Amino acid sequence: MPPIGKSWEDVREILIERGLGDAKWRDGKTAVYVFNAGPEVAEVQHEAYSLYMSENGLGPIAFPSLAQMEREVIEMALSILHGPDGATGAMTSGGTDSITMAMKTARDYARATKSRSGTANIVLPQSAHPAFDKAAHLMDIEVRRIALKEDGSYQADPAAMGEACDAQTIMMVGSAPNFPHGIIDPIVTLGEVAAAKNVWLHTDACVGGYFAPFARMNGVPVPPFDFEVLAVQSISADLHKYGYAAKGASTVLFRSEALYEHMPFNMREWSGAPMLTPTLAGTRPGGAISAAWAVMNVLGVEGYREKQRLVCETRERAEAGFKTLGFEILGSPILGLVAFRHPEHDNFAIYSEMYRRGWFTSITTQPPSLHLMLSPKHTEVIDDYIADLGECTKIVADGEQGAKVEARYS
């Protein structure tokens, strides 16, 4: 800490300078971590967050404005995710928080309603997010990851997952979509298995919760994945992904108040005032709540439909370009994520060449593939990405051929 404080102008300059080496997401060259819906939405995020950045969602009596905004965010979420009468939920800091609280709720519900002994377990597909493993680690819950179908769909295998369930299973998981491949699991069939096994089914829609409903309105054949499936008891859906809210904002939703009641933490046996917290966090940044509420109200249904239409169209353009270059698309993605691989060349070497050109994206390891999580901004740059991909693929192919020639003459 400096003995004498610097001027804000000097500190601001340092902040800007330090960011020069970061991923160029504002230019559309980043397809992970940031969801760029354009400068107008960014301005809403910024101003709405600033208006409530010092307020604390921990104190609903002190800040009833935040409590009202959170209630309305949950109501809007339930309105697009087929929430039945009595459905409810809460805002959290992100997908990991939402998943952790859903698992905690399922565990406590099982404790209250079932006679159980031994270690609890959850059953999930190999493609499910590692946040489930993190939450399981915190709560000493066994994780049973089940291989995906062998039909090339990259979907969960409901039959195999059902066979993995036993009397200690507190939750089954399906993704809508999964992150590695961008594929929606067969939630309806998972629901049938969960109902037969009397197991809680959770839909992890952290990526698709605020995308899939609007894609469906635009005519995309999105299968049932939310509370429309009667066996689904809880849903995680991130607002700071395709809800285009400021970080960190997510939602965890429950089919009924009776289920939700197993989530909050209530502590009275200490020296201070009673402490009641609905989610993992104590202090809850007011700015994250106000920014999410503001963006949802500014965009509305039509605004979200337009943003998600751009993303779907960009993904379709990308897929067509990748196929022209000899790449294969993994499964049949229908939202904003796409994983693709070249059957002949080192895909991670291609990724490295793209990275050298300033493209900061992601990868999938099973199988080795390149991975994009597209935003509305990418409609402006996807042709540049495809052009660079073609050149980088040629560089890798020529290098591989050169290595073969060298090996032959060595």
Side-chain angles (χ1 to χ4, degrees), residues 19-42 152 154 177 179-183 207 211 215 218 220 241-242 244 306-405:
L20 295 178
D22 289 353
K24 307 303 181 191
W25 66 268
R26 292 177 180 85
D27 299 336
K29 301 201 76 170
T30 302
V32 66
Y33 300 133
V34 178
F35 294 78
N36 189 343
E40 296 83 4
V41 172
Y154 295 94
F179 181 83
H181 314 113
I183 305 299
V207 173
F211 192 131
N218 290 338
V220 176
K241 288 189 172 70
Y242 285 109
Y244 305 116
E306 176 59 18
K307 297 295 184 187
Q308 314 313 25
R309 181 189 64 79
L310 285 174
V311 175
C312 283
E313 289 180 353
T314 302
R315 192 207 73 252
E316 291 170 356
R317 286 167 54 197
E319 289 184 19
F322 300 159
K323 290 176 182 178
T324 299
L325 296 173
F327 285 82
E328 301 171 345
I329 309 301
L330 302 191
S332 301
I334 60 174
L335 299 178
L337 279 71
V338 59
F340 54 101
R341 63 185 298 272
H342 202 288
E344 300 175 7
H345 305 306
D346 185 333
N347 288 276
F348 293 160
I350 296 171
Y351 174 89
S352 296
E353 291 295 332
M354 293 292 284
Y355 180 83
R356 292 188 182 95
R357 297 188 178 208
W359 296 102
F360 192 95
T361 61
S362 187
I363 59 170
T364 293
T365 60
Q366 298 178 3
S369 313
L370 288 80
H371 180 282
L372 298 178
M373 181 181 278
L374 298 165
S375 295
K377 175 69 176 180
H378 292 124
T379 191
E380 303 172 15
V381 300
I382 195 62
D383 292 336
D384 295 334
Y385 181 88
I386 294 169
D388 279 353
L389 182 66
E391 294 178 9
C392 290
T393 301
K394 185 177 186 305
I395 290 171
V396 170
D398 290 345
E400 291 172 344
Q401 185 62 33
K404 292 177 182 177
V405 171

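When reading the values below, keep in mind they use all heavy atoms of this one structure, side chains included, and skip hydrogens, waters and symmetry mates. From a predicted model like this one, the values you see are computed outputs, not experimental measurements.
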Sequence neighbours left out, cut at 3.5 Å: what donor-acceptor pairs do the side chains of residues 23-34 make with other protein atoms?
unit_1: K24; atom_1: NZ; unit_2: L20; atom_2: O; d: 2.3
unit_1: K29; atom_1: NZ; unit_2: R357; atom_2: O; d: 2.6
unit_1: T30; atom_1: OG1; unit_2: W25; atom_2: N; d: 3.4

Review point. Taking all non-hydrogen atoms of both residues, which atom of A37 and which atom of Y244 are closest, and how far apart?
Key: CB-CD2, 3.5 Å

Revision key, fill the gap. ring-ring contact (aromatic ring centres under 6.0 Å, His included) with H371: of F340, F327, F179, only one passes, and it is F179

Exercise for review: List in chain and number order the residues that pass salt bridge (Lys or Arg N to Asp or Glu O under 4.0 Å) with K307, two or more places apart in sequence or in another chain; answer none if no residue qualifies.
Suggested key: none

Point to revise | Heavy-atom closest pair, residues V311 and L374 | key: CG1-O, 3.7 Å

Check your understanding: Taking only residues two or more places apart in sequence, or in another chain, which ones meet R309 in a side-chain hydrogen bond (donor to acceptor under 3.5 Å, both in side chains)?
Key -> E306, E313

**Study point:** Heavy-atom side-chain contact between W359 and V381 under 4.5 Å
**Key:** yes

Point to revise | Residue pair L310 / P376: nearest heavy atoms and the distance that separates them | key: CD1-CB, 4.3 Å

Review point. About how many Å separate CD1 of I382 and NZ of K377, when rounded to the nearest 0.5 Å?
Key: 13.0 Å

Review point. Nearest 0.5 Å, what's the OG-OH distance between S332 and Y154?
Key: 10.5 Å

Exercise for review: Using modelled atom types only, decide if a donor and an acceptor are shared between the side chain of T364 and the backbone of P180 within a distance under 3.5 Å.
Suggested key: yes

Exercise for review: Apply salt bridge (Lys or Arg N to Asp or Glu O under 4.0 Å) to R356 and E353, showing your working.
Suggested key: CA-CA 5 Å; R356 292 188 182 95; E353 291 295 332; 2.9 Å; yes

Check your understanding: Does K241 have any side-chain hydrogen bond (donor to acceptor under 3.5 Å, both in side chains) partners at least two apart in sequence or in another chain, and if so, which?
Key -> D238

Review point. Got a second to check how far S369's OG is from N347's CG, nearest 0.5 Å?
Key: 6.0 Å

Exercise for review: Could you tell me whether the side chain of C312 reaches within less than 4.5 Å of the side chain of V220, counting heavy atoms only?
Suggested key: yes

Revision key, fill the gap. Hits for side-chain contact (heavy atoms from CB on, under 4.5 Å) against P333, two or more places apart or cross-chain, chain-then-number order -> I183, R315, E319, I329, V338

**Study point:** Atom of M373, atom of H378 and distance for their closest heavy-atom approach
**Key:** O-CE1, 3.9 Å

Point to revise | Student check: side-chain heavy atoms of T361 and L370 closer than 4.5 Å | key: no

Exercise for review: Would you please name every residue forming a salt bridge (Lys or Arg N to Asp or Glu O under 4.0 Å) with E328, sequence neighbours left out?
Suggested key: R341

Check your understanding: Could you go step by step and tell me if R317 and T379 meet the side-chain contact (heavy atoms from CB on, under 4.5 Å) rule?
Key -> CA-CA 9 Å; R317 286 167 54 197; T379 191; 3.2 Å; yes

Exercise for review: Please work out whether the ring planes of F211 and Y242 are parallel, tilted or perpendicular, with thresholds of 30° and 60°.
Suggested key: perpendicular

Review point. Are more than 12 heavy atoms from other residues, nucleotides or ligands located less than 6.0 Å from atom OH of Y355?
Key: no

Point to revise | Residue that, paired with T393, satisfies side chain to side chain contact (heavy atoms under 4.5 Å, CB included) out of I395, L389, V396 | key: L389

